[in-house]
Amino acid sequence: MDRLREEAAITVEVDGRRDLAGLPVARVRPTDPGSLPRLRARLEDAGIPTFEADLRHAYRFLVERGLRAGVEIEGRSVVSPDDPDLLVFRNPRLSPADVRFESRTLSLDIETTPDASEVFAISLVGCGVEEVHLLSPVPVEGAVVHADERELLRALVLAVRRLDPDVILGWNVVDFDLRVLARRAARLRVALDLGREPGAPRFEQDSGYTRSSRVEIPGRMVLDGIGLVRDAMRLPDYRLDTVARAVLGRGKRIDADVPDASAEIQRLRREDPRALVAYNLEDARLVGEILAAEGLLDLAVERSRLSGMQLDRVGASIASFDLLYLPELHRRGVVAPNVRADRTDAVVQGGAVLEPRPGLFRDVAVYDFKSLYPSLIRTFQLDPLAHARAAASPGTDAIEAPNGARFAREGGILPGIVEHFLASRDAARSRGDRHADQAIKIMMNAMFGVLGAAACRFFDPEIANAITGFGQQTLSWTREAIEGCGYDVLYGDTDSVFVRLRGGEPGVGATAEAEALRVRVEQAIVERIRSGFGVEPRLVLELEHVLARFFLPRVRGGAGGSKKRYAGWVDGRLLVVGLESVRRDWPAVARRLQEGMLERIFTDRDPAPFVGEVVARVRAGELDDELVYAKRVRKGSLDGYASAPPHVQAARKAGGTRGGVVRWVVTRSGPEPVLPGRPLPERIDREHYVTRVLEPVADAIFAESGGSFGEAIGRPKQLALL
Ligand code: DCP
Ligand code: MG
Ligand code: MG
């Protein structure tokens, strides 16, 4: 260390900072940041541990100034020589600011030859325009035409700079449109200066497990509609056509999945350029409209404001943990460890599951803790610094988790961060913003998740298991409190419980009874935590539903109930969780049967005639469209072993998949792929569907309601015994 002090290019300060264990550290800083990795290696070779030596410069800059998504710039500026609308600050002072702004967005879509070797149309929608640039020797109505591809690309650059969007949008825009444009521009020697200052797009792939790609264009953000939708909504697939239909009720003009879509586009180019222009424009329009309809851009902005991450990395939870946590840690004079390469993700215990009691029930209350893990973090100070502080002073009074991990009673950081998120989630809920509600919930739970991720510098399975341990304790205390009030718990999972209401008290409806029980149970838990741990509990138990009817299936071939699968009847509507009918890979006919049966049973009607009717219609070929299975094919499974599961067989016969999902039906010669825009395969094996799909689905319900599939379809009894 003393030798380092003598080197001119390095400063060494000892300013009272400590590591998590409380030992003093020195701050060693090279004048040239590029030499940091070498310096780190030198120190480590000399047996001196380093801290935060792996934090990227840009993030260290942000962390040291507590900068988040919004900043205030202070300093002298000059007008940019490249653009009179731009101010240039040299080395200004940046400070955090709470910024809200309306972003200018531009949606971009290109059309190319099938091998993407030539770009011939580019549409731009947003910033007050809808325009299409087209490669064409003759004028085309509705388009700006260009004589060669080089001119087309130049026109794009000029248009983007003129429209000056903050955000560029598209569908697969990073990996397709912009990559193709960058490749063509390089080939044709056009400077693809799409940014607010010169510089070609720079592509990056996150090293994290998402491997999502992003692109840097100076002064703008590029957001891919697919990623934004995928984070917020569950859909069978994320093709533009599917998403547009689900969100806007209208699809693409030509579904790109139709086998001849590409040929059709090439035909339009030759024969009907006006239609091509309309098609190209519509794609760009759909992207903007989808995001606007679902408020997904606003959501990305909200997530960025919360996590501090830039708009196009709001899902990066490990980096975001650093950005939230490190400034607070530094304020307390503490530095964090490096990420260690020598460890693997921890096995963290999950939530508890209470043994289900299968059957059909009336009046069941469903309770669930609001933001359970974040609430536990707040209540019990479950936090890396609090954990380290307790370890550093073993004698003192600490909070002890069920797994034995100890936490100092004060000075935790995570509880404060979580509190901020909880407030933002409450605000989202009260303005009825379901996407933000869900996204903030996921972001909070990701903060728990990264504690078990090896790539996180705060990796600590003890803390993660303290959180889940408290979660398990909460669930079992909840059950005890409910039983203590004289009620039966039918099922419970992680932080939710299903309770059979007793009814019978005159003038008290099921909802009022459920609410009264909720208050008593919540109170019992609060008191138990207060007296057991001496902390102020932050847990809120919510009454999620009062189900007029409840169905909990038996495990197949067993006596116990099955987990995370049930159905209920609430406010005249069917609620289904985890059953076949909500699974994407099951044919739609399973859903028709299951939901139809449950609806009848829940409204006191006999389901048997309905079952007979569905089977008859399947046999008559009237429901063939509902017999299609769909399943994701994992990469690499197409080449490999010869005897393959049905979806792999079907994908092989189809010569691959589109978007990774294969759709097929079972025919008398095995699984056959179903291709978009083509008729269903012939010789569908309808008896397969009767015995392998409908029968098990029906019998799972009949097992509780009485009756059987065989009886419902009039199958002779002896045959069933054979
Ligand atoms: N959990 C998780 N990851 C998930 C779902 C849940 O880590 N994908 C953990 C954290 C949650 C707990 O399980 O706190 C309970 O799950 P909930 O779905 O009930 O989520 P919350 O309690 O956090 O939120 P809500 O207020 O919606 O119940
Ligand atoms: Mg919950
Ligand atoms: Mg729950």
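Counting convention: from 1, in listed order, for ligands and their atoms alike. Note that the coordinates shown come from a computational prediction; the quantities given were computed from them, not determined experimentally.
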Can you check whether [Y]'s main-chain N or O pairs, donor with acceptor, with [X]'s side chain at less than 3.5 Å?
X: Glu513; Y: Arg502; result: yes
X: Asp460; Y: Pro384; result: no
X: Asn465; Y: Pro461; result: yes
X: Thr468; Y: Gln349; result: yes
X: Asp383; Y: Leu385; result: yes

For ligand 1, which atoms sit closer than 4.0 Å to a heavy atom of [X]?
X: Arg429; value: 26 (O)
X: Phe448; value: 7 (O)
X: Phe369; value: 22 (O), 25 (P), 26 (O), 28 (O)
X: Leu372; value: 14 (O), 21 (P), 22 (O), 23 (O)

At what distance is the nearest protein heavy atom to [atom], and which residue and atom is it?
atom: atom 9 (C) of ligand 1; answer: Tyr373 CE2, 3.6 Å
atom: atom 1 (N) of ligand 1; answer: Asn445 ND2, 4.3 Å
atom: atom 17 (P) of ligand 1; answer: Lys441 NZ, 3.6 Å
atom: atom 28 (O) of ligand 1; answer: Asp368 OD1, 2.7 Å

- Message: I want to check a possible cation-pi pair here: Arg230 against Tyr238, using under 6.0 Å from ring centre and within 45° of the ring axis as the test.
- Response: yes
- Task: With Arg663 as the cation and Tyr629 as the aromatic partner, state whether NZ or CZ is under 6.0 Å from the six-membered ring centre and within 45° of the axis.
- Result: no
Has ligand 1 got any nitrogen or oxygen that is less than 3.5 angstrom from a nitrogen or oxygen of [X]?
X: Lys370; answer: no
X: Pro374; answer: no
X: Glu542; answer: no

Under 4.0 Å from [atom], is there any protein heavy atom?
atom: atom 20 (O) of ligand 1; answer: yes
atom: atom 3 (N) of ligand 1; answer: no
atom: atom 15 (C) of ligand 1; answer: yes

- Message: Less than 2.8 Å away from the Mg ion (ligand 2), how many protein N/O/S atoms can be counted, ignoring water?
- Response: 3
Let me have the donor-acceptor pairs involving side chains of residues 360-374, under 3.5 Å, with sequence neighbours excluded, atom names and distances please.
from   : atom 1 : to     : atom 2 : distance (Å)
Tyr367 : OH     : Ala514 : O      : 2.6
Lys370 : NZ     : Asp426 : OD1    : 3.0
Ser371 : OG     : Arg425 : NH1    : 2.6

- Task: Give a yes-or-no answer on whether the side chains of Arg245 and Thr242 include a donor-acceptor pair shorter than 3.5 Å.
- Result: no
[X] heavy atom under 4.0 Å from ligand 1:
X: Gln438; value: no
X: Arg425; value: yes
X: Ser371; value: yes

Identify the heavy atoms of [X] and [Y] that sit nearest to each other, and give their distance.
X: Glu536; Y: Thr379; answer: O-CG2, 4.0 Å
X: Glu480; Y: Arg528; answer: OE1-NH1, 2.8 Å
X: Ser304; Y: Met309; answer: OG-O, 2.7 Å
X: Leu296; Y: His435; answer: CD2-CD2, 4.0 Å

- Applying a 4.0 Å heavy-atom criterion (strictly less than), which segment of Thr494 is in contact with ligand 1: side chain, backbone, both, or neither? side chain
- Message: Nearest 0.5 Å, please: how far is CG in Leu311 from CZ in Arg305?
- Response: 11.5 Å
- Aromatic ring proximity Phe470/Phe533, centre distance under 6.0 Å: yes
